[in-house]
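Please read the structure below before turning to the comments.
Any value given below was found using the heavy atoms of this structure, including those in side chains, with hydrogens, waters and symmetry copies removed. Since this is a predicted model, take the numbers as computed values, not measurements.
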Amino acid sequence: MTRHAIGTPEQLRDPNYMPPLHRAIPLGVQHVLAMFVSNVTPAIIIAGAAGFGFGSNSPDFPELLYLIQMSMLFAGVATLLQTLTLGPVGAGLPIVQGTSFAFIPIMIPLVAGKGVDGLAALFGGVVIGGLFHAFLGLFIGKIRFALPPLVTGLVVTMIGLALVKVGIQYAASGVPAIGTPAYGSLLNWSAALVVIFVTLGVKFFTRGMLSISAVLIGLIVGYVYALAVGMLSFGDISGSWSRSAAFALPNPLKYGFELSAAAIIGFCLMAFISAIETVGDVAGITKGGAGREATDSEIQGATYADGIGSAVAGIFGGLPNTSFSQNVGLIAMTGVMSRHVVTIGALFLIVCGLVPKVGGVIRTIPIEVLGGGVIVMFGMVVAAGMSMLSDVDWNRRNMVIFAISISIGLGLQLEPGAVQHLPDTAKILLTSGLLPAALIAIVLNLLLPEELAEESTEEVSGGLSGRSKGKLPHTTKTRH
């Protein structure tokens, strides 16, 4: 599909342009395919952490279907807020919203081992955190200085590091299987490796939409492989399909509503990070799609939609939403800036969210197959964080800030028992790893003087403090 067939160059740069419907529909579906797996994965991970996910044999396992359904439905609703706008809410740009990975390190300690009973406090935090996120829209431009690449790159890296363990556990057969002979078996790993190798092959040896949908294609091939080797049967698929309703509306406050200090504090603090991520995505869309800078009203409206979309999702059992960066890249690739194209994708997501049979099929994916996809996705989160860190001026001051932040944050995440004597709220926040690392980095970046003397880090660095004056040895960087 050539750009010329869709519209003139001027039309393609116009967010209000509507391409011919037979062109717009496949473009809208492309946006959904590019984010579909990432959008439903957080719900699967949270259900697993709570104890009613894949492989748990929990009587609450059917609740996973509802969480998946809400992930699709409210990603679509939040996307409509961005594309169609509602008063000041929404940017009026082709911004695709989806369930955020960033909040997972906060959510896991909140629900760990508590089953469905842990979800009331979780969704209470989602609602309050979403409203706070929307409130940030009033002054979002004024807080950007507190989150330079040193902080945002560290946070994204920490998100990935917090999640890579999940991918390995899934590939080996999931947490419920730990301690059994099946855990880590060659058969389990073979399914995960099929997904990884197919994903890599598609990513690097194809172009366009195939390359962007590499993880989705890898999961489909892994799913077929699981059927071929007997990890999954057609009876499992047909049974899940027949037990799932053809249509279902969301249920407000399905899991209750509980105000938890740990949940509220955690979600409100993470809202800062998510808001800045959205600002970056808005800037990327206007720059890559229209060749201009984002306006203040667009940034403010996008932040409002982020927060309101998350708060509404929380009422019905949906997880926090944020703008999806992979779709920013898709706009740059297609050159189509039309918000109406993304509106079509949003409607497709809403339809999927109202048809539980879609979630019923997703629920049959073997956890080992999902593990292969998760390993790739969360590894890419780490890589994205390190890419952001490459823009940091690596002088000795920034090295010390990074060192202290990641040492304490990652250390508390790896050894949660070190804070066992603290109150429950403090334990949940600190053992996320992400929040202490982010707060330490923000505070130190604001308080420490701009530069340290050369000898200031030599004694504690083991000879690895670096020799360059604030830049990496190779100063030429290739942008992809």
Residues Ala346 and Leu80: closest non-hydrogen pair is CB-CD2, 3.7 Å

* **Val382 side chain reached by Leu161 side chain, heavy atoms, under 4.5 Å** => yes

**Report entry** Asn188 side chain to Ser173 backbone, donor-acceptor under 3.5 Å
**Finding:** no

Between Ser325 and Asp281, does the side chain to side chain donor-acceptor pair (under 3.5 Å) criterion hold? Intermediate values first, please.
CA-CA 6 Å; Ser325 299; Asp281 287 342; 3.0 Å; yes

- Any donor-acceptor pair under 3.5 Å from Ser240 side chain to Gly360 backbone: yes

Side chain to side chain contact (heavy atoms under 4.5 Å, CB included) with Arg363: of Val40, Ile237, Val358, Leu65, only one passes, and it is Leu65

Looking only at heavy atoms, the pair that brings Phe267 and Pro320 closest together is CE2-CG, 3.6 Å

> Does the Ser56 side chain pair with the main chain of Gly53, one donor and one acceptor, at a distance under 3.5 Å?
Replying inline: yes

For the pair Phe74 and Phe316, name the ring-plane relationship: parallel under 30°, tilted 30 to 60°, perpendicular over 60°. parallel

Report task. Without swapping roles, check the side chain of Gln69 against the backbone of Ala248 for a donor-acceptor pair under 3.5 Å. Result -> yes

Inset, instruction - For Val111 and Leu119, run side chain to side chain contact (heavy atoms under 4.5 Å, CB included): C-alpha distance rounded to whole Å, both residues' side-chain angles, the deciding distance at 0.1 Å, then the answer. - result: CA-CA 7 Å; Val111 302; Leu119 297 181; 4.2 Å; yes

Q | Chi angles and distances behind the side chain to side chain contact (heavy atoms under 4.5 Å, CB included) call for Phe52, Asn57 | A | CA-CA 7 Å; Phe52 59 89; Asn57 296 317; over 6 Å; no

Between His31 and Phe324, is any pair of side-chain heavy atoms under 4.5 Å apart? no

**Message:** Go through it in stages, so that I can follow the logic: the residues are Ile273 and Phe103, the test is side chain to side chain contact (heavy atoms under 4.5 Å, CB included), and I'd like the CA-CA distance, side-chain angles, deciding distance and then a yes or no.
**Reply:** CA-CA 10 Å; Ile273 311 299; Phe103 293 86; over 6 Å; no

Between the CG atom in Asn327 and the CD atom in Gln30, the distance rounded to the nearest 0.5 Å is 10.5 Å

dist Leu122:CG -> Ile106:CD1 (nearest 0.5 Å) comes out at 11.0 Å

Return yes when atom CG of Leu186 has more than 12 non-hydrogen atoms of other residues, nucleotides or ligands closer than 6.0 Å, and no otherwise. no

- Item | Beyond-backbone contact of Phe348 with Cys352, side-chain heavy atoms, under 4.5 angstrom | yes

Between the CG atom in Leu210 and the CG atom in Leu216, the distance rounded to the nearest 0.5 Å is 10.5 Å

Residues at least two apart in sequence or cross-chain that pass ring-ring contact (aromatic ring centres under 6.0 Å, His included) with Tyr223, listed by chain then number, are none

Practice item. May I ask you to check whether Phe257 and Phe123 place their ring centers less than 6.0 Å from one another? Key: no

### Message
The test is side chain to side chain donor-acceptor pair (under 3.5 Å); show your working for Ser274 and Thr322 and say whether it passes.
### Response
CA-CA 7 Å; Ser274 182; Thr322 191; 3.1 Å; yes

Practice item. Assess whether side chain to side chain contact (heavy atoms under 4.5 Å, CB included) is satisfied between Met35 and Leu349, documenting all intermediate values. Key: CA-CA 10 Å; Met35 56 80 75; Leu349 276 170; 4.1 Å; yes

Of Leu447, Ile442, Leu444, the one forming a side chain to side chain contact (heavy atoms under 4.5 Å, CB included) with Ile401 is Leu444

Item to check | Check: Gln82 side chain, Ala302 main-chain N or O, donor-acceptor pair, under 3.5 Å | outcome: yes

Here the gap from Asn445 atom CG to Leu154 atom CG, rounded to the nearest 0.5 Å, amounts to 11.0 Å

| message | Check this for me: does any side-chain nitrogen of one of Lys114 and Asp117 sit under 4.0 Å from a carboxylate oxygen of the other? | response | no

Across all chains, not counting sequence neighbours, the side-chain hydrogen bond (donor to acceptor under 3.5 Å, both in side chains) partners of Asp236 are Ser233

Taking Ala383's backbone N and O only, do any of them form a donor-acceptor pair with Ser387's side chain (distance below 3.5 Å, no angle check)? no

Between Ile140 and Tyr304, is any pair of side-chain heavy atoms under 4.5 Å apart?
-> no

So CD1 of Ile276 and OG1 of Thr152: to nearest 0.5 Å the spacing works out to 8.5 Å

Check whether any side-chain N or O of Ser244 sits under 3.5 Å from a backbone N or O of Lys357 as a donor-acceptor pair, and report yes or no. no

Quick note, salt bridge (charged side-chain N to carboxylate O under 4.0 Å, His left out) partners involving residues 40-68, not counting sequence neighbours, are Glu63-Lys254

In terms of heavy-atom contacts, Leu110 and Ser260 come closest through CD2-OG, 4.3 Å

When every non-hydrogen atom of Val369 is compared with those of Val195, the smallest separation belongs to O-CG2, 3.6 Å

Give the intermediate values and the outcome of side chain to side chain donor-acceptor pair (under 3.5 Å) for residues Asp306 and Thr278. CA-CA 8 Å; Asp306 244 16; Thr278 298; 2.3 Å; yes

Q) How about Leu81 and Thr85: do any of their side-chain heavy atoms sit closer than 4.5 Å? A) no

Counting distance only, does the side-chain N/O of Thr79 pair as donor-acceptor with the main-chain N or O of Gln97 below 3.5 Å?
-> yes

Practice problem: Establish, yes or no, whether a centroid distance under 6.0 Å links the rings of Phe272 and Phe132. | Solution: yes

Donor-acceptor under 3.5 Å (Ser211 side chain, Lys203 main chain): yes

Output for pair (Asn39 CG, Met72 CE), nearest 0.5 Å, gives 8.0 Å

Check: Ala177 main-chain N/O paired with Thr180 side-chain donor or acceptor under 3.5 Å
yes

Here the pair of heavy atoms bringing Leu319 nearest to Ala313 is O-CB, 3.9 Å

Closest non-hydrogen atoms of Ala226 and Pro366, given as atom of the first, atom of the second and distance, are CB-CG, 3.7 Å

How about CZ on Phe139, more than 12 heavy atoms from neighbouring residues, nucleotides or ligands closer than 6.0 Å, or not?
yes

Quick one, Tyr225 and Leu193 - any side-chain contact, counting heavy atoms below 4.5 Å?
no

Next item on the list: Taking the side chain as every heavy atom from C-beta outward, state whether Thr199 and Ile196 have any pair of such atoms under 4.5 Å apart.
Entry: no

Point to revise | Output field: ring centroids Phe378/Phe101 closer than 6.0 Å | key: yes

#### Entry: Greater than 12 external heavy atoms within 6.0 Å of Phe61's CZ
yes

Quiz item: Just wondering, more than 12 heavy atoms not from Phe204 lying within 6.0 Å of its CZ?
Solution: no

If we only count heavy atoms from C-beta on, is the Leu64 to Phe54 side-chain gap below 4.5 Å? yes

